[in-house]
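Numbered from 1 within each chain, the chains take letters A, B, ... in sequence-line order. Values below: every heavy atom of this structure, side chains too, minus hydrogens, waters and symmetry copies.
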There are 4 protein chains.
Amino acid sequence: MAGIPRKVPEQRRQDLVLAAFELLAEKGFEGLRTRDVAARAGVNIATLHYYFPTKEALIGGVVEHVMTRFRSTLEPHGSPDRQLRNHLRAVRKLMREEPEVGAVMGELALRSARDPAIASLVRSTQETWHQVVRGLLRRAAKEGHIQPDLDSDAAAAMVLATLTAMTLPLQAAPHHELALRQLERWLGL
Amino acid sequence: MAGIPRKVPEQRRQDLVLAAFELLAEKGFEGLRTRDVAARAGVNIATLHYYFPTKEALIGGVVEHVMTRFRSTLEPHGSPDRQLRNHLRAVRKLMREEPEVGAVMGELALRSARDPAIASLVRSTQETWHQVVRGLLRRAAKEGHIQPDLDSDAAAAMVLATLTAMTLPLQAAPHHELALRQLERWLGL
Amino acid sequence: MAGIPRKVPEQRRQDLVLAAFELLAEKGFEGLRTRDVAARAGVNIATLHYYFPTKEALIGGVVEHVMTRFRSTLEPHGSPDRQLRNHLRAVRKLMREEPEVGAVMGELALRSARDPAIASLVRSTQETWHQVVRGLLRRAAKEGHIQPDLDSDAAAAMVLATLTAMTLPLQAAPHHELALRQLERWLGL
Amino acid sequence: MAGIPRKVPEQRRQDLVLAAFELLAEKGFEGLRTRDVAARAGVNIATLHYYFPTKEALIGGVVEHVMTRFRSTLEPHGSPDRQLRNHLRAVRKLMREEPEVGAVMGELALRSARDPAIASLVRSTQETWHQVVRGLLRRAAKEGHIQPDLDSDAAAAMVLATLTAMTLPLQAAPHHELALRQLERWLGL
DNA sequence: AATGAATGAGAGTTCATTCAT
DNA sequence: AATGAATGAACTCTCATTCAT
C-alpha cells in the first residue's frame, strides 16, 4: 500500500523555486507564468499556491536562491590577490556554466527600480560585495601584490561595474573575456 | 466653433512612442499595457492601433527612439581623447538627466535574450559602439594623448562594460561616479 | 487639368455593391468587413458610408443585385416544356459560371431565419418562383409535353427544392448533375 | 452547508456544447459569441475556456453533436423500402421538432466552402449518406418494392438534394410537405 | 498535502461608425 | 464627393487566485 512516495514538503518547495528560477531565466518576469512553474515542478497549480500564497512569495524564494548561488563566488581562499583573481574567475565560470544565474540577476536588477523589497536586497548585496572587494584590494596593495597608489574604493566600483555588465545577455555585453583580461591587467593581477 | 485642434499625424505617433517609452521605463515590459500608453498619450486605445498595428510595432518605435537618443552621446568634436572624455561625460549626463533611457536600454538588453529582432539590433549597436571607442582609443594613443601600449580592443570592451553597467538602476550599479573616475584615470584621460 | 476622372455616383454605388457581393460570397456574413469592401472598391471606408449609411444598407444593395441576377434564369422563350428545360439549364449554368450567386443566395437563405427584411424578400421570391414553375408545369401537361396526371404544385415544390440545394457549396450538395438529370427524367423533359 | 452542487465535468461540457448549438442555430456563425454561450450555460467565460481551449474547439463539439443527432434518422429497421420511408419521415420529423439541427447543418454547409476541416466532414457525411440511400434504393428495386428500372445513383442524388433543401429555413424552402410527398410518389413508396 | 474546477479582472485586437476638413 | 483620423463597444483569450473536496 505504499503508492507514490510523498515528497518531503521542503523538497516540494525547493522544486517549485527551482522551476520558477529556470523559467524566470528563460522567459523573464514578462513571461513568467505560475501555471508553467507548477507544470515544470510536476504539481497542480493549486498546490503551488499551497506552498506559496502568491506569485510574489514564489519570486521571493527565487531571489533567495539566486543570492545564495551568487555568494558562492566569494569564498576566501589564500592571499588577497589570489582571492581577487579567484573571485573574477568564479564569476566568469558561473556565468559560463549557469547563465541562468546571470539572467535572473539581470531581471532582479531591473525590477529593483520598481520593487522596494527587491531594491533593498539588491542594494545590500551590492554594498557587501563592494566592501569585500575594496577590502581585498586594500590588503593586496598593502601586501605589495598590486599597485599601492590604487584608489581602492573607485577600483572596487569598476570591478563591480564590469562584473555586473557580464550578467547581461551576450548580445548586450559581448567581449566578456576581453573586458575581464583588461581588468586583471589594470589591477596588476 | 474651432473644436479640439487635430494634431499632425507625425506628432501623434511621436506622442504615442514617448508615452510608451516612459511607461516602459516605469513599469518594464512586464507592466507595459497598451491601454495605459493610449491613456497617457490622451487617445483612445483604438487610435493607438491606428498608428501601430500591434504592440510589437509600438515597441519597435520605442526602440528606434532610444537608439537615436543614445547615439547622441557619440558626437565627434575635437581630438580623439576629447571625444572619448566627452562620450563618457555625455553618457553620465544622459543617465542622470534621463534615467528612462538607461532603464529602457536595460529592458532591451534583457529582452535581447529572447527576441531575435531586438537581439540583432542590440548586437549591432554594441558592435558599432565598440568599433568607435576602439578607433578613438587607437588614435588617441597614436597622437600621444593616452598610454601607447594600451590594448585598444580590450580597453574598449571595458569601457563598454562599465558604461553598460551604468544603464542599470542605481541599486544594481551604485558608485557610478567612482567607477567612471577610475576609468578615466586608467585611460589617462 | 483633367486629373483623375470622377466616377458617376451611380457607378460608385454599383462598384461598392459588387465588391460587397464578391466578398460576401468569399467570406460569408461571418467574414464580411466593410473595410475590405471599401478597399476592394478602391475607396476610403468613409466614402462607403457616404453611399451606404450602414452596413445593413450595403447588404440591402447586395440582396437586390443577387435577386436581379437570379431572375435572369426565368426568361420566357418558347413552349412551356422548353421554358422549363431552359430554366433548369440556366440555373445549372449560373451555378457553374457564377458560383458567387449561389453562395450569396445560401447566405441569404440562412439569414432569412433571423432577418425579417431578408425573410420577406426571400419568401416572396420563392413564392413567385413556385408559381412560375407550377404554371409552366400545368401548361406543359395540358399541352401534352409531360405526364398529364402530375400534381403540378408538389412537382414544383420538388423542382425548387432540388434547385435550391444546388446553390449550396459542392461539399454540401455533390452530384448536382445526377440530381438534375433525374429531375428531368421524372418530369419527362 | 452544502453549497452549490458541482456538476460532473462531462455534464458541463455537454451543457456548453448544447448552449453553443442553440446559439449557433439562433444567431449563426456571424452572431455566435463565446460570452453568450458561457452565459447560457450558466458559467463564467473563463470556465468555457477551461473546457474548450478555443472557440474553434467548441464549434468542433457542436459539429459532433449535430452529426450524431442527424445520424439518428438512419436507423435500419425492416425492409429497404420501409427503411427509406422511415428515413424520409425521420428527417421530416427532426426538422419539425428540432429545427435547430437543420439551421446548424445549413451553417455548416455554408462554412464548408471556407473551412477545410468542416468541408471534409460535411463531404464524408454526404458521401456516406448517398451510399446508404443508393443501397436502399437498389435493394428495394431488386425486391420489387419500387420501380426496377430506377437509376439508383441519380435517384439517391435527388433524395439527398430534396432533404438537404429541407434543412434550410422555411422561408428559403417552403412547401416541405409537398416536395416530400412528390418524392415518395416518384419513388413509388 | 493535493487537486480539478471555477472565476474576476484585464489583456491585445477588431470593427462599424463618425467627425473635421 | 471624398478622406484620414478618431472612437466606443465588443471580441476572444489569459492569468493569478480561490473553492470544495
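- Each of C:Asn44 and B:Ala46 has a nearest nucleotide on DNA chain E; the 5'-most of these lies closest to B:Ala46.
- D:Pro169 and C:Ala109 make their closest contact through CG-O, 3.2 Å (heavy atoms, listed as atom of the first residue, atom of the second, distance).
- Atom CG of C:Asn44 sits about 11.0 Å away from atom NE2 of C:His49, to the nearest 0.5 Å.
- Minimum atom distance to the side chain of A:Tyr50 is reached by E:dA2, of the listed E:dT13, E:dA2, F:dT12.
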- Item | Dot-bracket summary - DNA chain F, pairs being Watson-Crick or G-U whose distances fall under 3.5 Å, with | when paired to another strand | .||||||||||||||||||||
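- Applying the side chain to side chain contact (heavy atoms under 4.5 Å, CB included) test to A:Ala57 and every residue at least two apart in sequence or in another chain returns A:Phe52, A:Pro53, A:Thr54.
- Checked against salt bridge (charged side-chain N to carboxylate O under 4.0 Å, His left out), B:Glu22 has the following partners two or more places apart in sequence or in another chain: B:Arg40.
- For the pair A:Lys55 NZ and F:dA16 P, the computed distance is 4 Å after rounding to whole Å.
- Taking A:Arg123 as the reference, nothing meets the salt bridge (charged side-chain N to carboxylate O under 4.0 Å, His left out) condition, with sequence neighbours excluded.
- Atoms CG (C:Leu16) and C1' (F:dA2) sit 12 Å apart, rounded to a whole Å.
- The side chain of B:Thr47 lies closest to F:dA6, out of F:dA1, F:dA6, F:dT17.
- Minimum atom distance to the side chain of B:Val43 is reached by F:dT7, of the listed F:dT7, E:dC15, E:dA2.
- In this structure, C:Glu56 and D:Leu48 both approach DNA chain E, and ranking their closest nucleotides by distance from the 5' end singles out D:Leu48.
- Remark: D:Leu32 in residues 19-32 of chain D come within less than 4.0 Å of DNA chain F through at least one heavy atom.
- The listed nucleotides are F:dA6, E:dC19, E:dA5; the one nearest the side chain of A:Ile45 is E:dA5.
- Taking every side-chain heavy atom of A:Thr34 into account, F:dT17 is the closest of E:dA5, E:dA2, F:dT17.
- Base engagement by A:Arg35 is indicated by at least one non-hydrogen atom pair under 4.0 Å involving a base atom.
- The one candidate from B:Asp115, B:Leu110, B:Leu108 that meets the side chain to side chain contact (heavy atoms under 4.5 Å, CB included) condition with B:Phe29 is B:Leu108.
- For residues 54-65 of chain C, the pairs satisfying salt bridge (Lys or Arg N to Asp or Glu O under 4.0 Å) are C:Glu56-C:Arg111, with sequence neighbours left out.
- What you find for A:Ser112 and B:Gln171 is that their closest heavy atoms are OG-OE1, 3.7 Å.
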